[in-house]
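The next block holds one structure in the form of structure tokens; read it before the comments.
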Amino acid sequence: MNEILRKRVLAEGVVEFDIDAPLVARKRKAGQFIVLRINEQGERIPLTIADAWPRKGIIRIVFQVVGKTTEHLATLGEGDSLQDVVGPLGKPTHIERFGTVVCIGGGIGIAPIYPIAKALKGARNGVISIIGARTKELLIMEKEMARTSHQLLISTDDGSYGHHGFVTDVLKNLIDSGTSIDQVFAVGPVIMMKMICKLTRTHDLPTIVSLNPIMVDATGMCGACRVEVGGETKFACVDGPEFDGHRVNFDGLIKRQRMYLDQEKVSWEAYHKGKQEEHSRLGE
Amino acid sequence: MSESPNAIFSSLEINVDRLMEPLKKKKEKIPRQRIPGQNPEDRIHNFNEVPYGFTPEVAILEATRCIMCKKPKCVDGCPVEIDIPAFIKLIQEGDFLGAARKIKEDNALPAICGRVCPQEDQCELVCVLGIKGEPVAIGALERFAADYERNTGRVEVPEIAPPTGKRVAVVGSGPAGLTVAGELAKKGHQVTIFEALHKTGGVLVYGIPEFRLPKSIVQAEVDYVKSMGVQIKTNAVIGKIQTVNDLLKNGYHAVFLGTGAGLPYFMNIPGENLNGVYSANEYLTRSNLMKAYLFPQYDTPIARSRRVAVIGGGNVAMDSARTALRLGAEEVQIVYRRSRKEMPARIEEIERAEEEGIIFNLLTNPKRMLGNEEGWVTGMECLKMELGEPDSSGRRRPVPIPGSEFMMEADTVVVAIGNGPNPLVPNTTPGLKTSKWGNILADQDTARTSKRRVWAGGDIVLGAATVILAMGEGKKAARSIHAYLMGKK
Ligand SMILES: Cc1cc2nc3c(=O)[nH]c(=O)nc-3n(C[C@H](O)[C@H](O)[C@H](O)COP(=O)(O)OP(=O)(O)OC[C@H]3O[C@@H](n4cnc5c(N)ncnc54)[C@H](O)[C@@H]3O)c2cc1C
Ligand code: FES
């Protein structure tokens, strides 16, 4: 059992938890994740460790409500406990002094790019970050990203804040303006990572992406998380989650992520029906 | 889950005279007693255990078939050398609790072994009665005694030696790890099990299905090990949260590695990453560990399939096929590249699968998997095979028949062609030697590895084997660890 020590709503449908997990906090490195289970009936879901305080024994996760489990998770509050937290899982980000790095986070992908940017800055890289969201209200962790970046660039799809457009546009402008870039890191929706890689490939910019396929055990035991990288099958949970973006088969990943769409809907509906029944019972 | 054993024992008004009657009948031709169970038509619609087990009357009747050999071959046939005639004698006498305790002197997990051991290749294979007729149903009797003890709530905690002050870390909570933990706890050592998953039991909870091994039984056996003072830390992936070296540094005098064979092999043919293609590990883990068969009451989903193809011929393949049927598939096919004779699954499991209507496509091998626009598997192109010369395993090698390609429709494919060792611990443990396949190298007699203070056993050493062999390895390791701990002041 791991207690939720602090909860903050970062944007509509985006929640941050600080969780009591001393051993994980001590061991984790940038790029690693945990798997959690809310309760006995719960499914195992992977979430990136967005930050950690080893001495206090606390880890931070940030998640977006996208289905039944995350919706249920968002209803929990400070003092509630999670049935299971296991980690740190996956390989840590390969950190070295590259020179100038660009860290790109799209939407909820800002949460996982943040620890990477922080570690890169710690390794004395020049860090340029590009973060983006659909609209200003949904942009998260701007302050933290500003702190870990030498330069922070922002875009929103609707132009309500920063550059009007996508993070790819901002990267393109950056490249076109002649900025010398040694390494790119990108985390976000698969389609965003795909577009980024398409762009960086034409400019020969090495690009690391962090993949988020469906997982079960996340210890390399089941193969649910398999992704195709350079024509080979990899298990993202143990071989990744970070890979050379120029070698990833993104279309395959998009398809695999949709495997349980129907059941996700069933699960969500059952959850809401249950909640309604509970409401009407309590109302009587 | 399964209600059957309780139902039997709730009617337990033992009339000793009546029970002893068969004994008086002498050893006249009593046939091997059949184990009653669910009909195929019913059982394919539920996940309850298939066989119900013996009633006390039938158990005594079956026990009386044993002729109590002076030099019992069955004991040699048992990897952990249970004193089989002694426990069968106790059943004959109606002392069922005594029988259970007798078995537990050599085997801490009898309710499990009575269900999943391949007795037909071990104790029952060499039973003298089997020469002319049918062997004693040793497995069913073992199960009966263990169930009786558990259901009457009279499970005894064995005597625990005074604390030695020595600490042992056991990595993995499968049969190997549980055995080591139990044996060493009995000797007074302080044992902690580290398990990567959220539940204890290894393959017993994530792999073998409920209808073959009810999870409440695994839980009872785990509780028994805990009752001896063993601590269990779940959600602890060794190699990640702590390395083996961390454990050795942090006060553990010895470490046992029982991490199993948990790395699924795929065929490496085109289309294998299509949606609807599972490793058996994933398919079974979703269903068993995560209880996807109770979706949406439990959150984890699993493909709802019409036509399922399972590739492989072992127990894992049979379990996957029978699970698919119970999840509601209309048609389930086994695809195996050799013939029925070479199938590594237990005969009992093959027969049950056949009874349940699973179609066997023997001498058949998939060449590629085909999918639709959305990335879902729609079928496989298969090749017919014939048996050629024997290979290194002694079995005749299957060779493809040229031009024999044919199409097989399937919306779900389960790949059950075997598992390798998970590299997580070897990769993070300097000085630990492995074979070229990645299995940890350990001494045959002592289970010691190349690394000081580290022992290993079970599937991680043997490759995917059996529950009882994993336990046998665990006992060996426990003896050697105990000797080491006591020799060193
Ligand atoms: C579907 C299926 C059906 C089977 N049917 C039968 C049968 O009918 N009869 C039979 O005798 N045998 C059967 N077997 C084989 C049998 O289950 C295994 O041989 C046996 O379980 C091996 O025991 P073990 O203790 O070595 O490993 P496992 O049971 O595999 O346990 C290993 C445990 O270690 C944990 N672990 C792994 N890595 C780490 C780590 N780094 N840190 C912490 N924990 C870790 C795993 O999560 C797991 O819980 C079957 C196997 C399968 C998969
Ligand atoms: S999630 Fe099971 S192997 Fe990666």
Side-chain angles (χ1 to χ4, degrees), chain A residues 2 23-24 26-28 32 34-45 67-69 72 83-90 214 216-228 232-233 235 238 249 251-260 262-264 266-271 274, chain B residues 195-199 206-207 233-243 246 259-266 268 272-286 289-292 294-304 371-376 415 419 422-424 427:
Chain A
N2 298 70
L23 281 175
V24 183
R26 223 179 295 155
K27 276 282 176 169
R28 77 94 216 190
Q32 290 187 298
I34 57 158
V35 158
L36 69 78
R37 210 168 62 118
I38 299 177
N39 56 24
E40 204 45 50
Q41 289 75 37
E43 60 184 335
R44 295 169 65 99
I45 60 160
K68 188 227 154 148
T69 296
H72 184 187
Q83 176 86 29
D84 300 291
V85 171
V86 52
L89 300 167
I214 294 170
V216 184
D217 63 299
T219 66
M221 181 267 272
C222 78
C225 60
R226 52 198 199 281
V227 288
E228 208 183 295
E232 268 180 63
T233 295
F235 289 4
V238 285
N249 176 350
D251 295 338
L253 176 59
I254 292 174
K255 284 178 183 156
R256 282 191 67 82
Q257 280 181 335
R258 298 169 64 87
M259 181 152 166
Y260 295 102
D262 290 352
Q263 277 116 313
E264 279 162 24
V266 171
S267 180
W268 190 83
E269 277 162 7
Y271 177 64
Chain B
E195 168 55 52
L197 293 172
H198 57 263
K199 267 222 168 62
Y206 80 70
K233 291 204 198 307
T234 49
N235 297 324
V237 184
I238 298 305
K240 290 289 180 188
I241 191 115
Q242 291 190 77
T243 60
D246 289 338
T259 48
L263 177 76
Y265 289 143
F266 284 91
N268 294 318
E272 221 170 4
N273 292 340
L274 286 163
N275 284 349
V277 181
Y278 289 92
S279 74
N281 272 7
E282 181 185 355
Y283 197 67
L284 293 171
T285 298
R286 283 182 179 272
L289 179 72
M290 304 312 296
K291 304 243 179 296
L294 299 174
F295 178 87
Q297 194 192 328
Y298 280 69
D299 293 340
T300 305
I302 194 163
R304 283 169 296 181
N372 62 18
E373 284 283 288
E374 289 91 59
W376 270 88
V415 182
N419 288 311
N422 190 316
L424 202 52
N427 282 351

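Being a predicted model, the structure only gives us computed values, none of them experimental. Chain letters run A, B, ... following the sequence lines, proteins first, then strands; residues in each count from 1.
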Which one of Q263(A), K255(A), E264(A) has the most heavy-atom pairs closer than 4.5 Å to chain B? Q263(A)
Checked G375(B), P301(B), P296(B) vs chain A; the most non-hydrogen pairs under 4.5 Å come from P301(B)
Applying a strict 4.5 Å limit to non-hydrogen atoms, the region of V85(A) in contact with chain B is backbone
For I214(A), is it the side chain, the backbone, both or neither that has a heavy atom under 4.5 Å from a heavy atom of chain B? side chain
For chain B, the option from Q41(A), E43(A), E269(A) that forms the most heavy-atom pairs under 4.5 Å: Q41(A)
With only heavy atoms counted, which part of I302(B) is less than 4.5 Å from chain A, the side chain, the backbone, both or neither? backbone
Is it the backbone or the side chain of V277(B) that comes under 4.5 Å from a heavy atom of chain A, or both, or neither? both
Could you tell me which portion of L289(B) (side chain, backbone, both or neither) has an atom closer than 4.5 angstrom to a non-hydrogen atom of chain A? neither
Report the option among T219(A), N39(A), D217(A) that has the most heavy-atom pairs separated by less than 4.5 Å from atoms of chain B. T219(A)
Sorted by chain and number, sequence neighbours left out, salt bridge (Lys or Arg N to Asp or Glu O under 4.0 Å) with E40(A) holds for R37(A), K199(B)
Select one option (side chain, backbone, both, neither) describing which atoms of N427(B) are under 4.5 Å from chain A's heavy atoms. neither
Heavy-atom pairs under 4.5 Å with chain A are the metric here; pick the option from Q297(B), R304(B), E374(B), E272(B) that has the most. R304(B)
Less than 4.5 Å to any heavy atom of chain A: does that hold for the side chain of Y283(B), its backbone, both, or neither? neither
Considering only heavy atoms, which portion of N422(B) lies under 4.5 Å from any heavy atom of chain A: side chain, backbone, both, or neither? side chain
For the candidates E232(A), R44(A), H72(A), which exhibits the highest count of non-hydrogen atom pairs separated by less than 4.5 Å from chain B? R44(A)
Look at G274(A), A218(A), P88(A), A270(A) and state which one has the largest set of heavy-atom pairs under 4.5 Å with chain B. P88(A)
Relative to chain A, which segment of R286(B) carries a heavy atom at a distance below 4.5 Å: side chain, backbone, both, or neither? side chain
Select one option (side chain, backbone, both, neither) describing which atoms of R226(A) are under 4.5 Å from chain B's heavy atoms. side chain
Between the main-chain N or O of A292(B) and the side-chain N or O of T300(B), is there a donor-acceptor pair closer than 3.5 Å? no
At a heavy-atom separation under 4.5 Å, does V216(A) approach chain B through its side chain, its backbone, both, or neither? side chain
